[in-house]
S.K.: 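Take a look at this one; I'll ask things after.
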Amino acid sequence: MPPRPVANVGDGDSLHDWFKSLPIVTKTFLVSTLLGGTLLSFGMVRGEDMVLYWDLIKNKFHFWRLFTSFIYAGKFSFNFAMHTYVLYENCKRYEANPFNTGAGGTSADFIYMLLLTSGILLVIAYYFDMMILSESILYVIMYNWSRREADSPVGIFGFKFKAIYLPWVYVGIRLIMGGSITEPLVGIAVGHLYYFLIEVLPVTHGYNLIKTPKFCIDFTDYVTGQTPAAPARGPAYTGMGRTLGGAGVPAGNNAGVGRGAGLRGNLATLFSPATPAADAAAPANAQPGHGDGLRHRGGAGTGATTGHSWGSGRPLGTA
C-alpha cells in the first residue's frame with residue numbers, strides 16, 4: 001500500500017500557503033501581535049515599554065509607543081489567544097470587503113481607515129489617560145465589518161444572529177461577566193464616527209470628507225500588486241451592505257466567531273489583555289504581566305487608581 005502524501009511547505013493547504021494567502025493588513029496585525037506577545041513572554045521587553053506614557057513620548061521621543069499600544073495583548077495566555085483570534089477573524093473579513101473610500105474597496109481603503117481611526121483613538125487616549133488601544137481598535141474593525149456585512153449570519157456558543165449585532169453581543173457578554181466595557185464602547189464610538197462620515201453624511205448632506213489618498217493606494221499596489229485604479233466615489237449609499245436601489249452586497253465570511261469549547265471560561269476578560277498599570281513617574285519599576293487585567297491610573301505620577309478596571313488585575317507595584 002503506497003504511503004499517504006504529506007503536505008510540505010509550499011504545497012496546498014500548508015501553513016506556508018495559508019500565511020501567504022492572508023491580506024496585507026491582516027498579516028501585519030497578526031504578526032505584530034504575535035511578535036509582541038513573544039517578546040513579552042520571554043522577557044525580551046517589558047510591558048511598560050509598549051504602552052502609552054505621554055511624558056516619555058514627548059520628552060524622550062518614545063514614538064514607537066504610538067504603534068505598540070495598538071498591538072499590545074499581554075503575555076501568552078488564554079486572553080492573549082482569544083484577543084488574537086478575534087482580531088484575526090475580523091481583520092480578515094473586513095479586509096476582504098472594506099468600505100470603498102476611493103481605492104475600489106481594497107486593502108488601501110482599510111489602511112486609510114486604520115490611520116484615521118487610530119489618530120482619533122490617540123487623541124482620546126491623551127485626554128482620558130488611556131494606555132492600551134489594542135482592544136479599542138479591534139472594536140473599530142469589528143463595528144465597521146458588522147455594518148458592511150450587516151445581514152451575514154454569525155454565531156457564538158451555537159446562538160446565531162446577524163452580524164450587525166456582533167459588537168453589542170460581545171459587549172453584553174463582558175457586562176454580564178463583570179468585565180469593563182469602556183474600551184469596547186470607545187472603539188464602537190470611533191467606528192461609528194467613521195461609518196457616519198463615509199456612508200451617512202454623503203447621502204444626507206452631500207459631503208464626501210474621506211477619500212483614500214494616493215500614497216495608500218501606491219503602497220498597497222507596491223506590496224500586493226493587486227490594487228485596481230481608484231474609481232470615483234459616487235453618491236450611492238452602501239450602508240448595511242447594500243447599494244441604494246441595487247442588489248445586496250455578497251455576504252462575507254460567515255464563519256461563527258468564538259465557537260471553541262475553551263470560550264466557556266474566563267469570558268469576563270475575553271478581549272482584555274493583561275496590561276501593565278500606569279505610573280508614569282517611574283515606569284521602570286513596574287512589573288507587567290501580574291494579575292488578570294488593568295487599572296487605569298488616577299493621574300500622571302500618582303499611585304492611585306480610579307475609574308474602571310479589568311477583571312481582578314492589580315495596580316503595578318502592589319503585592
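Only a predicted model underlies this, so the values are computations on that prediction, with no experimental measurement involved. Quick note: residue numbers are just sequence positions, from 1.
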S.K.: Going by heavy atoms in the side chains, are Val171 and Ile188 under 4.5 Å from each other?
M.R.: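 Val171 vs Ile188: side chains touch.
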
S.K.: To the nearest 0.5 Å, what is the distance between OG1 (Thr28) and CG (Leu22)?
M.R.: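 One finds 10.0 Å between OG1 of Thr28 and CG of Leu22.
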
S.K.: To check you understand the geometry: which heavy-atom pair defines the closest contact between Glu135 and Pro184, and what is its length?
M.R.: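 It is OE2-CG, 3.5 Å.
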
S.K.: Kindly check if the number of other-residue, nucleotide or ligand heavy atoms within 6.0 Å of CH2 (Trp168) is above 12?
M.R.: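 No, CH2 of Trp168 has 12 or fewer neighbouring heavy atoms, counting only those of other groups under 6.0 Å.
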
S.K.: Can you check whether His83 reaches Val86 side chain to side chain, under 4.5 Å on heavy atoms?
M.R.: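 Side chain of His83 against side chain of Val86, heavy atoms only: no contact under 4.5 Å found.
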
S.K.: Indicate yes or no for a side-chain donor-acceptor contact from Glu95 to the backbone of Val25 under 3.5 Å, with no hydrogens or angles considered.
M.R.: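 Judged by distance alone, yes, a pair lies under 3.5 Å.
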
S.K.: Between Asn97 and Trp145, is there a side-chain heavy-atom distance shorter than 4.5 Å?
M.R.: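 The answer is no, as the side chains (C-beta and beyond) never meet within the 4.5 Å cut-off.
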
S.K.: Determine whether Arg148 and Arg93 make a side-chain contact, defined as any pair of heavy atoms from C-beta on separated by less than 4.5 Å.
M.R.: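 Result no, sub-4.5 Å side-chain heavy-atom pair not found.
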
S.K.: Whether the side chain of Ser41 engages the backbone of Phe76 through a donor-acceptor N/O pair (distance < 3.5 Å, no angle test) should be reported.
M.R.: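 It does hold such a pair.
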
S.K.: Step by step, work out the side chain to side chain contact (heavy atoms under 4.5 Å, CB included) result for Tyr94 and Met142.
M.R.: CA-CA 8 Å; Tyr94 184 73; Met142 183 190 300; over 6 Å; no

S.K.: Check the hydrophobic clustering (I, L, V, M, F, W, Y; side-chain heavy atoms under 4.5 Å; chains of links allowed) and say if Leu116 and Phe196 are grouped together.
M.R.: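 As far as the 4.5 Å side-chain criterion goes, Phe196 and Leu116 are connected within one cluster.
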
S.K.: Once rounded to the nearest 0.5 Å, what's the spacing between atom CG of Leu52 and atom NE2 of His62?
M.R.: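 Reported value, rounded in 0.5 Å steps: 13.0 Å.
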
S.K.: Could you go through the side chain to side chain contact (heavy atoms under 4.5 Å, CB included) check for Phe161 and Leu166 one step at a time?
M.R.: CA-CA 8 Å; Phe161 47 88; Leu166 182 63; 4.0 Å; yes

S.K.: Is there a side-chain contact between Met113 and Ile141 in this structure, where contact means two heavy atoms from C-beta onward sitting under 4.5 Å apart?
M.R.: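 SC-SC contact between Met113 and Ile141 confirmed.
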
S.K.: Under 4.5 Å between side-chain heavy atoms, counting indirect links through other Ile/Leu/Val/Met/Phe/Trp/Tyr residues: same cluster for Phe67 and Trp64 or not?
M.R.: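 Phe67 does not cluster with Trp64.
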
S.K.: So which atom in Gly105 and which in Pro98 form the shortest heavy-atom distance, rounded to 0.1 Å?
M.R.: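 Scanning both residues completely, I find the closest heavy atoms to be O-CD, 3.3 Å.
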
S.K.: Is a side-chain donor or acceptor of Ser77 paired with a backbone partner of Phe80 at a separation under 3.5 angstrom?
M.R.: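 Looks like yes, one N/O pair under 3.5 Å.
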
S.K.: Is Lys27 close enough and on-axis enough to Phe19, meaning under 6.0 Å and within 45°, for cation-pi?
M.R.: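 Yes, a cation-pi geometry holds between Lys27 and Phe19.
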
S.K.: Could you go through the side chain to side chain contact (heavy atoms under 4.5 Å, CB included) check for Phe110 and Ile24 one step at a time?
M.R.: CA-CA 10 Å; Phe110 190 17; Ile24 181 61; over 6 Å; no

S.K.: Ignoring hydrogens, what is the shortest heavy-atom contact between Ser180 and Thr182? Give both atom names and the distance.
M.R.: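 Minimum heavy-atom separation between Ser180 and Thr182: OG-N, 3.3 Å.
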
S.K.: Are Ser69 and Met131 packed together at the side-chain level, in the sense that at least one heavy-atom pair is separated by less than 4.5 angstrom?
M.R.: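 Counting from C-beta outward, Ser69 and Met131 never come under 4.5 Å.
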
S.K.: Compute the ring centroids of His16 and Trp18, then answer whether they are less than 6.0 Å apart.
M.R.: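 No, they do not, as the ring centres are separated by 6.0 Å or more.
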
S.K.: Please give me the minimum heavy-atom distance between Tyr143 and Gly191, naming the atom from each residue.
M.R.: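 So the two residues come closest at CD2-C, 3.6 Å.
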
S.K.: Using side-chain heavy atoms (C-beta onward) and a distance below 4.5 Å, is Ile124 in contact with Ser136?
M.R.: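 Sidechains of Ser136 and Ile124: no contact.
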
S.K.: For Ile217 and Gly102, work out which heavy atoms get closest and say how close.
M.R.: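 Shortest heavy-atom separation between Ile217 and Gly102 comes out as CD1-O, 4.1 Å.
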
S.K.: So, the side chain of Thr26 versus the backbone of Tyr88: is there a donor-acceptor pair under 3.5 Å, distance only?
M.R.: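 Such a contact is absent between Thr26 side chain and Tyr88 backbone.
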
S.K.: Going by atom types only, do Tyr170 and Arg174 share a side-chain donor-acceptor pair under 3.5 Å?
M.R.: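 Checked: Tyr170/Arg174 side chains show no N/O donor-acceptor pair below 3.5 Å.
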
S.K.: Drop me the distance from Glu183's CD to Ile137's CD1, to the nearest 0.5 angstrom.
M.R.: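 One gets 13.0 Å once the value is rounded to the nearest 0.5 Å.
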
S.K.: Report the distance from atom OH of Tyr72 to atom CG of Asp49, rounding to the nearest 0.5 Å.
M.R.: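 With rounding to 0.5 Å, OH (Tyr72) is 10.5 Å from CG (Asp49).
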
S.K.: What class does the angle between the rings of Tyr195 and Phe99 fall in, given that below 30° is parallel, 30 to 60° is tilted and above 60° is perpendicular?
M.R.: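 Answer is tilted, since the angle falls between 30° and 60°.
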
S.K.: Once rounded to the nearest 0.5 Å, what's the spacing between atom CZ of Phe215 and atom OG1 of Thr220?
M.R.: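 So the CZ of Phe215 and the OG1 of Thr220 are separated by 9.5 Å.
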
S.K.: Give the C-alpha distance, both sets of side-chain angles, the deciding distance and a yes or no for side chain to side chain contact (heavy atoms under 4.5 Å, CB included) between Thr68 and Val45.
M.R.: CA-CA 12 Å; Thr68 55; Val45 298; over 6 Å; no

S.K.: For Ile111 and Cys216, which heavy atoms make the closest approach, and how far apart are they?
M.R.: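 The answer is CG2-SG, 4.1 Å.
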
S.K.: Kindly compute the distance separating CG (Asn100) from NZ (Lys211), expressed to the nearest 0.5 Å.
M.R.: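 Interatomic distance, Asn100 CG to Lys211 NZ, rounded to 0.5 Å: 8.5 Å.
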
S.K.: Taking side chain as C-beta onward, heavy atoms only, is Leu87 less than 4.5 Å from Phe29?
M.R.: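 Yes, at least one pair of side-chain atoms sits under 4.5 Å.
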
S.K.: Has the side chain of Asp109 got a donor or acceptor atom that lies under 3.5 Å from a matching backbone atom of Ala103?
M.R.: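 Yes, the answer is positive, given that a donor and an acceptor are paired below the 3.5 Å cut-off.
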
